Every structure is written in structure tokens, then in C-alpha cells.
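A quick note: this is a predicted structure, and the numbers were derived from the prediction, not measured.
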Amino acid sequence: MDADINFYFDPVCPFAWMTSKWVRQVQAQRRYTVDWRFISLRLINAQVDYDVHFPPEYEAGHTAGLRLLRVAARARAEYGRQAMAPLYAAFGSHIFDTAPGSDNHRSEVEMRELRGTREFAEPILAEVGLPLELAGALDDESWDIEIQQETDEALSLTGRDVGTPIIHFEPPTGAAFFGPVISRLPHEDSAVELWDHVVALARFPGFAELKRSLREQPQLAAFGVDVSTVGEQEDWHGGSRRQKK
């Protein structure tokens, strides 16, 4: 598929989700085509000791993300790339745009693990008009070959010391970059302005990085932060909210 934007996502990454919503704003105004592709945080961190480098709930979350990507890979194989936009939108809406419920008997780890189950995936498949049998891919590791290839493809564009999302604009020769990491969704009238600034910076051949580790909690219902509230600042290190030991 020849697209204006290749967007590499992991469905359990809140910053990828926030950035994807902004990209959809830009897409609607510029009539860009977007190819929604895969990048797995679990595969990126396959050799990492999660107990040392991440908070305790991260391994369960990243593993659930990989399992959902298997479902997405099967859906793409059987129903085409056009199935990815609504499927990712539904994943993100259920994970991040839904406020935490009253199901307090489950731990954070258990809640993240739930996202990699049929209980979570099947209603979403039904919602977007895909057959429930696609959820059988949750446990099918044969899809990991394709997901790994696409993950490697994404990292070849930026280098490996990044997270999600990765955006490739005007592939195959256009600018590619990690992020941008945003915690607030811009207004419709400023979404394209922000896009143009980001792309202009990324297109400069000598540009490599502009970064700060302080991040606001994203304005997502799952974090209890609405659009009228500025999320609490957190200091991120190596892809998580906790410094390495």
C-alpha cells in the first residue's frame, strides 16, 4: 500500500494512541492516506529484564499488546489493510478513552493482562464488524514473525533507542521520526500547524533529537485526566516512569 503516512503503533501505548488521534485530525484536513502498521513494545524489550527496568505492571501490558497485534495481523491478512484503522481506533478507545470502572478486585497487572484475552478482544471485533474467530490469533505465535519484521522495519528508520509510535511521512524516502510524544490533543485549527512544524524539523538532514523526559499524564479517561485538566508531570527514563536500578 502506497500511503502518505506509515504509522507504527502498539495498541497498549497511551502516547501512541494520543499521537494517532492527532494524526487522524491531520489526515481529515489534508486528506492524507495512512497505513497503520505494527511495532511491538514486547518484542523491542525481548532481551530486557522487566523486573529491573520497568514498573511491575509493564510486562503484562506489553505482552497484551503483542497478543492484540497478533489479532490485528490476522485481520489484516484476511480482510485487508483497510481493517486496521477502525480496529486500532476501537482498541484505543476501549483501553484509553474509557474511565476506570468499579472493578476494584483486579490488580493493575490483572487489568492489563485482561487486554490480551478473548473477553476483551471479541467485543471489539464485533464492534468493528470482524468475526470473533480472529481472536484465536491471541495465542498464535506464528504471527510474531510478521510483527517482528514490521517492528524491525520501523526501528530501521529511527534507530533502536526509541519507543512508540514511529511515523514515516511520504515513504519510502520521506522523513521518519519517533513520536512526537504529546499529552494533549491539539485543537482542530492548530493540529495541522503542529504537524507542519514537526515535519519541517524532521526533514532537516542534520536533525537528530529534541527531547525532555518530563511528561504530563496524557489527557485520557483511563488516567482520570480530562481535556479540561493538565495531567501531573512525571519524569520518564528509558521508556517508563521509573528510573533503572
Side-chain angles (χ1 to χ4, degrees), residues 1-45 62 65-66 68-93 95-96 128 137 143-182 185-186 191-192 194-205 207-211 239:
M1 174 181 177
D2 295 325
D4 298 304
I5 299 169
N6 290 342
F7 189 104
Y8 297 85
F9 72 92
D10 187 306
V12 300
C13 176
F15 295 104
W17 175 241
M18 182 65 80
T19 301
S20 78
K21 295 204 291 184
W22 165 59
V23 166
R24 289 176 195 263
Q25 288 179 317
V26 175
Q27 178 186 16
Q29 295 183 55
R30 288 282 174 84
R31 304 295 184 226
Y32 289 147
T33 54
V34 180
D35 188 16
W36 301 95
R37 300 191 176 197
F38 310 142
I39 181 170
S40 168
L41 290 167
R42 189 64 187 85
L43 295 180
I44 289 175
N45 294 294
H62 289 179
L66 175 57
L68 292 177
L69 285 175
R70 292 170 184 163
V71 175
R74 181 177 172 184
R76 186 172 69 180
E78 296 185 14
Y79 294 93
R81 306 188 88 88
Q82 67 272 15
M84 291 302 94
L87 183 58
Y88 178 34
F91 281 153
S93 178
I95 294 171
F96 298 114
V128 298
W143 294 106
D144 293 1
I145 298 172
E146 181 176 342
I147 297 166
Q148 182 70 69
Q149 289 173 340
E150 219 145 278
T151 296
D152 291 341
E153 175 184 287
L155 296 177
S156 74
L157 299 169
T158 60
R160 301 194 68 85
D161 190 22
V162 297
T164 59
I166 289 174
I167 294 175
H168 192 183
F169 183 50
E170 296 178 339
T173 59
F177 44 90
F178 158 55
V181 175
I182 57 174
L185 192 65
V192 167
L194 176 60
W195 173 262
D196 287 340
H197 288 321
V198 169
V199 170
L201 188 62
R203 278 176 169 162
F204 176 65
F207 174 73
E209 183 175 25
L210 180 67
K211 182 178 180 179

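- Considering only residues two or more places apart in sequence or on other chains, D144 meets the salt bridge (charged side-chain N to carboxylate O under 4.0 Å, His left out) condition with R70.
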- T164 and F15: side chain to side chain contact (heavy atoms under 4.5 Å, CB included), yes or no, with the steps? CA-CA 7 Å; T164 59; F15 295 104; over 6 Å; no
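- Rounded to the nearest 0.5 angstrom, F38 CZ and M84 CE are separated by 5.0 Å.
- Without hydrogens or angle criteria, T33 side chain to D4 main chain gives a donor-acceptor distance under 3.5 Å.
- Residues V34 and N6 have side chains not in contact (no heavy-atom distance under 4.5 Å, counting atoms from C-beta outward).
- The backbone N or O of V192 sits nowhere less than 3.5 Å from a side-chain atom of Q29 that would complete a donor-acceptor pair.
- In terms of heavy atoms, P165 sits closest to F7 at CB-CZ, 3.5 Å.
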- Message: Before you tell me yes or no, could you show the steps for L194 and W22 under side chain to side chain contact (heavy atoms under 4.5 Å, CB included), namely the whole-Å CA-CA distance, both residues' side-chain angles and the distance that decides it to 0.1 Å?
- Response: CA-CA 9 Å; L194 176 60; W22 165 59; 3.7 Å; yes
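- Here L69 contributes atom CG and I147 contributes atom CD1; the two are 5.0 Å apart, rounded to the nearest 0.5 Å.
- Side-chain atoms of S93 do not come within 3.5 Å of backbone N or O of A89 as any donor-acceptor pair.
- The backbone N or O of P180 sits less than 3.5 Å from a side-chain atom of T19, completing a donor-acceptor pair.
- The side-chain hydrogen bond (donor to acceptor under 3.5 Å, both in side chains) search around R74 returns E78, not counting sequence neighbours.
- Contact of the Q148 side chain with the S40 side chain is not registered, since no non-hydrogen atoms from C-beta on lie closer than 4.5 Å.
- For E150, the side-chain hydrogen bond (donor to acceptor under 3.5 Å, both in side chains) partners at least two apart in sequence or on another chain are R76.
- Pairs passing the salt bridge (Lys or Arg N to Asp or Glu O under 4.0 Å) check and including a residue from residues 7-32, sequence neighbours excluded, read K21-D97, R30-D196.
- No donor-acceptor distance shorter than 3.5 angstrom exists from the side chain of T158 to the backbone of F177, with no hydrogens or angles considered.
- Residues H168 and I5 fail the side-chain proximity criterion, which asks for heavy atoms closer than 4.5 Å.
- Applying the ring-ring contact (aromatic ring centres under 6.0 Å, His included) test to Y88 and every residue at least two apart in sequence or in another chain returns F9, W17, W36.
- With a 4.5 Å cut-off on side-chain heavy atoms, F91 and L68 count as touching.
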- Message: For a side chain to side chain contact (heavy atoms under 4.5 Å, CB included) check, start with the C-alpha distance between L66 and L41, then their side-chain angles and the critical distance, and finish with the verdict.
- Response: CA-CA 8 Å; L66 175 57; L41 290 167; over 6 Å; no
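- Across A3 and P171, no two heavy atoms sit closer than the pair O-CD, 3.4 Å.
- For residues 161-170, the salt bridge (Lys or Arg N to Asp or Glu O under 4.0 Å) pairs, not counting sequence neighbours, are E170-R203.
- The heavy-atom pair separating C13 from F96 by the smallest distance is C-CZ, 3.6 Å.
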- Query: Checking side chain to side chain contact (heavy atoms under 4.5 Å, CB included) for the pair W195/Y32: CA distance, chi angles, key distance, verdict?
  - Reply: CA-CA 12 Å; W195 173 262; Y32 289 147; 3.7 Å; yes
